[in-house]
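See below for the structure under consideration.
Protein chains get the first letters and strands the later ones, always in sequence-line order, with residue 1 at the start of each.
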There are 2 protein chains.
Amino acid sequence: MAAVDLSTHPGHLARRLQQAHYLLWNTMVSEEITSPQFAVLNTLVAEPGLDQRTVGERVGLDRSTIAEVVSRLGRRGLLGKARDPQDGRRFLLDLTEEGVRVHRRLTVRTARMNQVFLAPLSAEEQEQFFALIGRVADAAEKLRAV
Amino acid sequence: MAAVDLSTHPGHLARRLQQAHYLLWNTMVSEEITSPQFAVLNTLVAEPGLDQRTVGERVGLDRSTIAEVVSRLGRRGLLGKARDPQDGRRFLLDLTEEGVRVHRRLTVRTARMNQVFLAPLSAEEQEQFFALIGRVADAAEKLRAV
DNA sequence: CAGGAATACTCAGTGCGCTGACTAACTGCC
DNA sequence: GGCAGTTAGTCAGCGCACTGAGTATTCCTG
């Protein structure tokens, strides 16, 4: 029996965490808009008119994935795409009014969901939670960059 | 600018963590066998002859997803499926010799990868990392069970 | 200013992960 | 024994996420 205990596997833990979040999001925030889609909306509220690649970079999605997410949001009428007149390769993205409205509505629910999600941890532990995961993710992303 | 800082969003953090792990796995462990597939192999080393649903439960995959993962592993000749003679609804799963060999080989590499992945944290911090994520994931899964 | 390198994006292919609807098999109760 | 309810698995459909190949545009360098 050379098997390993999965609970000491960070990858397995990360997957469980993400799935748990996904389910909670579905019940507490929205069944229509997913968490990555919200991240895109959120980025465009902060920086309207950003190009597609940069949006992807902000939310941590590669060019293929961001293209699909953007196209879905476009189909739902939450954002618009336009060629950059300065650089014909780029697409510039902007929220529609509906997109802004949806973002505003979901922001409230997201905050509530995050509270529930992190409720098992004390305020101090929540700090550690963010810091530890952030450090591991940052380090791994840097390994990739090389 | 009603935008939120994504770095304080546990869902976004969880996704980044998982992607970072995915990339490292690809370069350090295997391009063929994925982390969930390894989890299935690992479960069957510990408990040979388990049925498909229970394997899914052990590794945290729903019945649809475990069916796909199992079918892929079957196509690669790493495990075999057989109807349970006691209960015609069930499929019992068993690793082939090749499956056992692959599991043994990947176990070593996985341990090495985990070390690299967690290297930014001290031993004490690694404990916290496991504990905090485990508690949040457990709590969220319990919410679901209700 | 022309040709090669870099950049933004698309498309095809693979894999994980979920829901909801369906089929087949078993279980329990009358 | 028969029928209702539960359970294991499949299938279709959606969405995220990556790689690798291909196209169009821009940038850089000789």
Side-chain angles (χ1 to χ4, degrees), chain A residues 11-12 14-27 30-40 50-57 59-76 81-93 140-141 144, chain B residues 11-12 14-27 29-40 50-57 59-76 81-93 137 140-141 144:
Chain A
H12 186 245
R15 200 162 52 79
R16 276 185 59 211
L17 185 67
Q18 214 215 329
Q19 274 161 245
H21 177 269
Y22 169 82
L23 288 175
L24 201 57
W25 179 279
N26 245 283
T27 59
S30 170
E31 292 185 348
E32 312 273 303
I33 306 297
T34 65
S35 171
Q37 286 173 18
F38 175 76
V40 168
L50 220 55
D51 70 286
Q52 185 167 309
R53 192 197 65 78
T54 307
V55 172
E57 201 176 289
V59 301
L61 296 179
D62 71 308
R63 68 230 149 102
S64 290
T65 304
I66 189 65
E68 285 172 23
V69 173
V70 162
S71 112
R72 269 185 282 270
L73 289 172
R75 272 205 301 275
R76 284 166 198 256
K81 256 171 103 155
R83 285 262 177 218
D84 184 345
Q86 255 70 60
D87 184 339
R89 294 167 300 182
R90 281 191 167 88
F91 276 116
L92 303 184
L93 307 179
E141 280 162 12
R144 174 66 179 173
Chain B
H12 186 246
R15 200 163 51 78
R16 276 185 59 211
L17 186 66
Q18 214 215 328
Q19 274 160 249
H21 177 269
Y22 169 83
L23 288 175
L24 201 58
W25 179 280
N26 245 284
T27 58
V29 181
S30 170
E31 292 185 348
E32 313 272 304
I33 306 297
T34 65
S35 171
Q37 287 174 17
F38 175 76
V40 169
L50 221 53
D51 70 286
Q52 185 169 309
R53 192 198 65 78
T54 307
V55 171
E57 201 176 288
V59 302
L61 296 179
D62 72 306
R63 64 224 157 107
S64 289
T65 306
I66 191 64
E68 285 172 24
V69 173
V70 162
S71 111
R72 269 185 283 271
L73 289 172
R75 272 205 300 278
R76 284 164 199 258
K81 257 171 104 156
R83 284 265 178 215
D84 183 345
Q86 254 70 59
D87 185 339
R89 293 169 301 182
R90 281 191 166 88
F91 277 116
L92 303 184
L93 307 178
E141 280 162 12
R144 174 68 178 169

- Message: Both A/Asn26 and A/Asp51 contact DNA chain C. Which one's nearest nucleotide lies toward the 5' end?
- Response: A/Asp51

- Message: If the cut-off is 4.0 Å, is B/Thr65 near the phosphate of C/dC18, judged by side-chain N/O to OP1 or OP2?
- Response: yes

- Message: Using OP1 and OP2 only, check whether a side-chain N or O of B/Arg15 sits under 4.0 Å from D/dA17.
- Response: yes

- Compare side-chain N and O positions of B/Lys81 against OP1 and OP2 of D/dA8 and report whether any pair is under 4.0 Å apart. no

- Using a heavy-atom cut-off of under 4.0 Å over every strand shown, decide if B/Arg76 touches base, sugar-phosphate, or nothing. sugar-phosphate

- Note on the structure: Taking C/dC16, D/dT10, C/dT19 as options, the one with an atom nearest any side-chain atom of A/Leu23 is C/dT19

- Message: Test your reading of the model: is there a side-chain donor-acceptor pair from A/His21 to the backbone of B/Ala14, 3.5 Å cut-off?
- Response: no

- Counting only distance, no hydrogens or angles, is the base of C/dC9 paired donor-acceptor with the side chain of A/Ser64 under 3.5 Å? no

- Task: Output the residues of residues 30-38 of chain A in contact with DNA chain C, where contact means a heavy atom of the residue under 4.0 Å from an atom of the strand; sort by number or write none.
- Result: none

- Does A/Arg53 have a side-chain nitrogen or oxygen under 4.0 Å from the phosphate oxygens OP1 or OP2 of C/dA8? yes

- A/Gln37 backbone acceptor or donor facing A/Arg72 side chain under 3.5 Å: no

- Item | Short side-chain N/O contact from A/Arg90 to OP1 or OP2 of C/dA8, under 4.0 Å | yes

- Query: Looking at D/dT10, C/dC18, D/dC16, which one has an atom nearest to any side-chain atom of A/Tyr22?
  - Reply: C/dC18

- Task: Mark yes or no for whether A/Trp25, through its side chain, and A/Ile33, through its backbone, hold a donor-acceptor pair below 3.5 Å.
- Result: yes

- Task: Scan A/Asp62 against the nucleic acid and name what it touches under 4.0 Å (heavy atoms): base, sugar-phosphate only, or nothing.
- Result: base

- Task: Any chance you could measure B/Glu57, atom CD, to B/Asp51, atom CG, to the nearest 0.5 Å?
- Result: 9.0 Å

- Task: Determine the contact category for A/Arg63: base if any of its heavy atoms lies under 4.0 Å from a base atom, sugar-phosphate if only primed atoms, P, OP1 or OP2 are that close, otherwise nothing.
- Result: base

- Is there a side-chain polar atom (N or O) of B/Gln52 under 4.0 Å from OP1 or OP2 of D/dA8? no

- Query: Mapping A/Glu68 and A/Leu92 to their closest nucleotides on DNA chain C, which lands nearer the 5' end?
  - Reply: A/Leu92

- Hey, does the side chain of B/Gln19 reach the backbone of A/Gly60 with a donor-acceptor pair shorter than 3.5 angstrom? yes

- Task: Determine yes or no for a side-chain-to-main-chain donor-acceptor pair under 3.5 angstrom, with A/Arg83 supplying the side chain and A/Gly88 the backbone.
- Result: yes

